[in-house]
Structures are given as C-alpha cells and as structure tokens.
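Everything quoted here is computed from the prediction, not taken from an experiment.
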Amino acid sequence: QVQLVESGGGLVQSGGSLRLTCAASGGIFSSVAMGWYRQAPGKQRELLTDITSGGSTYYTDSVKGRFTISRDNAKNTVHLQMNSLKPEDTAVYYCAQYRDNTLLSIKSWGQGTQVTVSS
C-alpha cells in the first residue's frame, strides 16, 4: 500500500555533499514519522536520523552536525542533506516510514540507494 521511492544517491568526493530524497505514495504520510537508515557491507543496518510528523528530530552521534533530515508534507517527501561526507559514510541508504508517530515500528522501507564517498 505504501511505497517509498528514493533518489539522489551516487558518487561524491570526500568532504562533499549529497542530498537524498524519499517520495512516499499510496498511504498516509503527514501523520507518521519518517527515518533514514544505512547499511555498509558486513555491517548491520543502523538508524541515522528520524523526524516526527511535527518536525521533531533525532540524530545518531556519527552523523550529528553533518546530516540534516527534513520533510515536506505538502509533497509527501523527506530529505537527507549530507555534508562533510567521509569514506566511512559509504553505504546503502534506506528511507523508512514508521507505523505511526511513536517511532516504535517500521511499516515500509524504501528500495535503498547507494552512496559512495571517494577518498
């Protein structure tokens, strides 16, 4: 029912910036929380950041001060602005929609988009 489509991934040089977009369709968007996760080769998928319907945000320490999550409820989109990128940021990045606004359960995942940061 809910589909999340990501765009904006690609190759960027160390120190550069990249902006990811997740577009939601087929369900309720404005009243639920959204998040960004990533998974590097050989690593577990990790939470990077999330945002509630009201705009409250959380960031894990590894991206705090470098990444920014935002949402546009009118367009049913969520963005991840990534600055000061490092090679260790290389991973597949996933958009997630939570079941509600409590951030306790994920309802849908995006397909994932590759972000590669070169030295």
Side-chain angles (χ1 to χ4, degrees):
Q1 185 176 14
V2 176
Q3 294 184 25
L4 305 176
V5 180
E6 301 175 4
S7 61
L11 176 65
V12 66
Q13 294 183 31
S14 181
S17 298
L18 207 60
R19 178 176 158 96
L20 305 182
T21 297
C22 174
S25 63
I28 303 299
F29 175 81
S30 62
S31 63
V32 300
M34 302 289 295
W36 286 97
Y37 293 69
R38 72 183 179 191
Q39 187 168 20
K43 303 289 187 179
Q44 294 293 109
R45 190 172 299 185
E46 64 171 332
L47 169 66
L48 300 178
T49 177
D50 49 39
I51 184 168
T52 67
S53 62
S56 297
T57 59
Y58 161 83
Y59 297 92
T60 193
D61 287 344
S62 64
V63 305
K64 202 173 295 181
R66 298 190 298 124
F67 291 9
T68 303
I69 189 171
S70 62
R71 66 190 298 160
D72 186 339
N73 288 340
K75 296 181 178 180
N76 287 358
T77 57
V78 62
H79 303 276
L80 183 65
Q81 178 66 46
M82 304 185 293
N83 299 326
S84 301
L85 284 163
K86 309 171 183 178
E88 50 262 47
D89 292 319
T90 296
V92 178
Y93 284 68
Y94 297 91
C95 176
Q97 183 179 74
Y98 292 89
R99 190 166 300 278
D100 50 33
N101 210 39
T102 68
L103 294 90
L104 296 177
S105 180
I106 293 173
K107 183 177 182 179
S108 301
W109 291 97
Q111 79 283 1
T113 185
Q114 177 70 46
V115 172
T116 302
V117 184
S118 62
S119 300

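A 4.5 Å side-chain heavy-atom check between Ser53 and Val32 finds every atom pair outside the cut-off. Considering only heavy atoms from C-beta on, Cys22 comes within 4.5 Å of Met34 through its side chain. By the 4.5 Å heavy-atom criterion applied to side chains, Asn83 and Gln81 are counted as neighbours.
In summary, the aromatic rings of Tyr37 and Trp109 are positioned with their centroids under 6.0 Å apart.
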Next on the checklist: Please determine whether salt bridge (charged side-chain N to carboxylate O under 4.0 Å, His left out) holds for the pair Asp89 and Lys86, giving the CA-CA distance in whole Å, both sets of side-chain angles, and the decisive distance to 0.1 Å.
Outcome noted: CA-CA 5 Å; Asp89 292 319; Lys86 309 171 183 178; over 6 Å; no
Item to check | side chain to side chain donor-acceptor pair (under 3.5 Å) between Asn101 and Thr52, intermediate numbers included | outcome: CA-CA 6 Å; Asn101 210 39; Thr52 67; 4.6 Å; no
Item to check | side-chain contact (heavy atoms from CB on, under 4.5 Å) between Val78 and Ser70, intermediate numbers included | outcome: CA-CA 6 Å; Val78 62; Ser70 62; over 6 Å; no
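Between Gly112 and Val92, the shortest heavy-atom contact is CA-CG1, 3.8 Å. Taking all atoms of both residues into account, the shortest heavy-atom contact from Gly110 to Glu6 is CA-OE2, 3.7 Å.
Considering OG of Ser119 and CD of Gln13, their distance stands at 10.5 Å, rounded to 0.5 Å. To the nearest 0.5 Å, atom CG of residue Leu80 and atom OH of residue Tyr93 are 7.5 Å apart. To the nearest 0.5 angstrom, Ser31 atom OG is 9.0 Å from Asn73 atom CG. Distance check: Thr68 OG1 to Met82 CE gives 11.0 Å after rounding to the nearest 0.5 Å. We find the CG-OG distance between Leu11 and Ser118 to be 5.0 Å, quoted to the nearest 0.5 Å. Separation of atoms CG (Asp50) and OG (Ser56) is listed at 10.0 Å; rounding is to 0.5 Å.
Shown here is Gln3, whose CD atom has no more than 12 heavy atoms of other residues, nucleotides or ligands within 6.0 Å. With a 6.0 Å radius and a threshold of 12 heavy atoms from other residues, nucleotides or ligands, Lys75 has its NZ atom at or below the threshold. Crowding of Gln44 atom CD: a count of heavy atoms from other residues, nucleotides or ligands under 6.0 Å not exceeding 12.
The cationic atom of Arg66 (NZ for Lys, CZ for Arg) does not lie both less than 6.0 Å from the six-membered ring centre of Tyr59 and within 45° of the ring axis. Geometrically, Arg45 engages Tyr94 in a cation-pi contact, judged by NZ or CZ lying under 6.0 Å from the ring centre and within 45° of the ring axis.
Hydrophobic clustering (ILVMFWY, side-chain heavy atoms < 4.5 Å, transitive): Tyr98 and Ile69 are in distinct clusters. Tracing side-chain contacts under 4.5 Å through hydrophobic residues (I, L, V, M, F, W, Y), one reaches Leu18 starting from Trp36; they form part of the same cluster. Hydrophobic clustering (ILVMFWY, side-chain heavy atoms < 4.5 Å, transitive): Leu20 and Phe29 are in one cluster.
For the side chain to side chain contact (heavy atoms under 4.5 Å, CB included) with Tyr58, the lone residue among Thr49, Leu47, Ile51 that qualifies is Leu47.
Judged by distance alone, with hydrogens and angles left aside, the side-chain atoms of Ser108 form no donor-acceptor pair with the main-chain N or O of Gln97 at under 3.5 Å. No donor-acceptor distance shorter than 3.5 angstrom exists from the side chain of Gln39 to the backbone of Glu46, with no hydrogens or angles considered. Using a distance-only test at 3.5 Å, with no hydrogens or angles considered, a donor-acceptor pair links the side chain of Thr90 to the main chain of Val117.
Side-chain contact, Thr77 with Asp72: no donor N or O sits under 3.5 Å from an acceptor N or O. Residues Arg19 and His79 have side chains that bring a donor and an acceptor to within less than 3.5 angstrom of each other.
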